[in-house]
Peer 1: 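Starting off with a structure, shown below.
For the numbers below, each heavy atom of this structure counts, side chains included, while hydrogens, waters and symmetry mates do not. By convention in this document, chain letters (A, B, ...) are assigned in the order of the sequence lines, proteins followed by strands, and residues within each chain are numbered from 1.
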2 protein chains.
Amino acid sequence: MADAARNDVARNDIAWNDSARDEGALPLPAAIAAALEEDIVFGRLHTRERLIEEELAERFRATRHTVRQALAELERMRLIERIPHRGALVKAYNPAEVRQLYALREMLETQAAALIPLPLEEAALAPLRGLQQKHAAAVAAGDARAVFRADLAFHRALFAHCGNLFLAETIEELGQRAQVIRYANLRSRSSMEWARDQHAAMLGALERGERGALVALCAAHFAPAREAYLSQHPALLG
Amino acid sequence: MADAARNDVARNDIAWNDSARDEGALPLPAAIAAALEEDIVFGRLHTRERLIEEELAERFRATRHTVRQALAELERMRLIERIPHRGALVKAYNPAEVRQLYALREMLETQAAALIPLPLEEAALAPLRGLQQKHAAAVAAGDARAVFRADLAFHRALFAHCGNLFLAETIEELGQRAQVIRYANLRSRSSMEWARDQHAAMLGALERGERGALVALCAAHFAPAREAYLSQHPALLG
DNA sequence: GTCAACGGCATTGTCGACAATCTCATTGAC
DNA sequence: GTCAATGAGATTGTCGACAATGCCGTTGAC
């Protein structure tokens, strides 16, 4: 019965966030998946926590089938793990895995940064500036959700210019997988401001055609998240 | 009605291959997905061809639900594309995409080859030799399916030694996506023999600790498949 | 003769109900 | 007291039926 009590607390926690509806025109499973993704990113759902289909169906006022599809989507993104007849768990990474994941991201983003044509033409630069401003505004407003979305959009738009669709996709996928790890950083205002300033510096490098600076910025961009995660999780278990 | 006739031909084609059963203990959706994967790889299902749930259900003697799961799996592997209310198509790549996909594979496999500890210890080398022998035996027997499976296994085992789980996974996923493109090569005996000899050369480089040779072999390993595909597909459309 | 509206048919998507499986507390033997 | 077997309840998996949608040939107006 202690278990039931724990589950109730968790359910109340996440019940605050009824954000499936505000996704607008998204198909329902995608909207549910997005809401759960946020729950994971912002730590409302913890590592190893169980996701129970019927509870989610009630919360989102959807059928269990719909929830099931959303869970399949989250599994595809590798944010959760599904074990046959046992349900879905928020995925956990041990420190070695975290290091490997970030090492790969660094490698790919470095290569992608090296492929972006420099200096970037104005027509491509303008949308990036727009996204940068959105991100900065979200940081100023202290709106963590908006920061999260704007950050994703900025990086997607940036690496879209690397000239390799598959590289850009892979970078984005690995970024999604790292979200489970990243959430600690979204809460701190200073780290959000640091990211904002890095984006500004990237834009500068893109404008002025400074290849070395761009590559260095991309490579170093997520070091803080990795370090924060590793420092919080003792070596024995992730 | 011309359409119906075309579909019948295709259906007879693939009806030869009732290989879902011989996957042994795999869960049924996975077995169906594997059978369809082979159909795609071996060109029994052509690019842009439609996959109709009910036909597949009949062929595999499964319910449409099960087929649906298999299609979801193939979509996850990006071998097919699903359009809402319109069904599933075997994915097509245009020449630019083919080039990008292979460029990324080359980049990743080069990096992975650079990370494998050299010379590779005997305990790790022995299983690789075993897989190489299986591959060579399949080539000798002219068993294209066995060649396909053995080739996958060899590369998976090779890159598992790069020390980065995510890099190895990503390489494998991109290899799966390239399967749509690769099939032309599986038919020719000479290309199978070429792959076999390349594997042998890789093993030699692993044993003797020849980093440069290993990297070069990995980078060049799939150039023939790319070239074969590009030469067959005029620039306008893939 | 052209073209837009209609409607039948093929196909995919969703639902509620039931079956299969796992978990965990209880029971009973030693 | 420990431990394995049992069984009830919780949870996931699968099914058949029906709803929704898109495709495409037909109809009819101009």
Peer 1: Below 4.0 angstrom from OP1 or OP2 of D:dT14, is there any side-chain N or O of B:Thr63?
Peer 2: no

Peer 1: How many whole angstroms separate atom CD of B:Glu58 from atom C1' of C:dT11?
Peer 2: 15 Å

Peer 1: Using atom CG of B:Leu51 as one end and atom C1' of C:dT11 as the other, report the distance to the nearest whole Å.
Peer 2: 13 Å

Peer 1: Nearest 0.5 Å, please: how far is CZ in A:Arg64 from CZ in A:Arg68?
Peer 2: 6.0 Å

Peer 1: Are side-chain heavy atoms of A:Glu38 and A:Arg44 found at a separation under 4.5 Å?
Peer 2: yes

Peer 1: What is the distance, rounded to the nearest whole Å, between atom CD of B:Glu81 and atom P of C:dT12?
Peer 2: 15 Å

Peer 1: Determine the contact category for A:Leu71: base if any of its heavy atoms lies under 4.0 Å from a base atom, sugar-phosphate if only primed atoms, P, OP1 or OP2 are that close, otherwise nothing.
Peer 2: nothing

Peer 1: Is the gap between the ring centers of A:His135 and A:Phe154 under 6.0 Å?
Peer 2: no

Peer 1: Test your reading of the model: is there a side-chain donor-acceptor pair from A:Thr66 to the backbone of A:Ala62, 3.5 Å cut-off?
Peer 2: no

Peer 1: Establish, with yes or no, whether the OP1 or OP2 oxygen of C:dG13 is under 4.0 angstrom from a side-chain nitrogen or oxygen of A:Thr66.
Peer 2: no

Peer 1: Using every non-hydrogen atom in the two residues, find where A:Glu97 and A:Ala92 come nearest and quote the distance to one decimal.
Peer 2: OE1-O, 4.0 Å

Peer 1: Atom CD of A:Glu54 to atom P of D:dT11: distance rounded to whole Å?
Peer 2: 8 Å

Peer 1: To the nearest Å, how far apart are A:Glu55 CD and D:dT11 P?
Peer 2: 7 Å

Peer 1: Quick test of your reading of the model: are A:Glu53 and A:Arg82 salt-bridged, counting only N-O distances below 4.0 Å?
Peer 2: yes

Peer 1: Side-chain N or O of B:Gln69 versus OP1/OP2 of D:dG13: is the shortest distance under 4.0 Å?
Peer 2: no

Peer 1: Using only modelled atom types and a 3.5 angstrom limit, is any donor from either the side chain of A:Arg64 or the base of C:dG16 paired with an acceptor on the other?
Peer 2: no

Peer 1: Could you state the CD-P distance from B:Glu75 to C:dT12, rounded to the nearest angstrom?
Peer 2: 13 Å

Peer 1: Between B:Glu169 and A:Arg177, is the closest basic N to carboxylate O distance under 4.0 Å?
Peer 2: yes

Peer 1: Starting at CD1 of B:Ile52 and ending at P of C:dA10, how long is that distance when rounded to a whole Å?
Peer 2: 11 Å

Peer 1: Roughly, in whole Å, what's the span from CG in B:Leu56 to C1' in C:dT12?
Peer 2: 13 Å

Peer 1: When you measure from the side-chain N and O atoms of A:Arg68 to the phosphate of D:dT12, is any distance below 4.0 Å, counting only OP1 and OP2?
Peer 2: no

Peer 1: Heavy atom of residues 82-89 of chain B under 4.0 Å from DNA chain D: which residues?
Peer 2: B:His85, B:Arg86

Peer 1: So if I take every side-chain heavy atom of B:His65 and compare against D:dG16, D:dC18, C:dT11, which nucleotide ends up nearest?
Peer 2: D:dG16

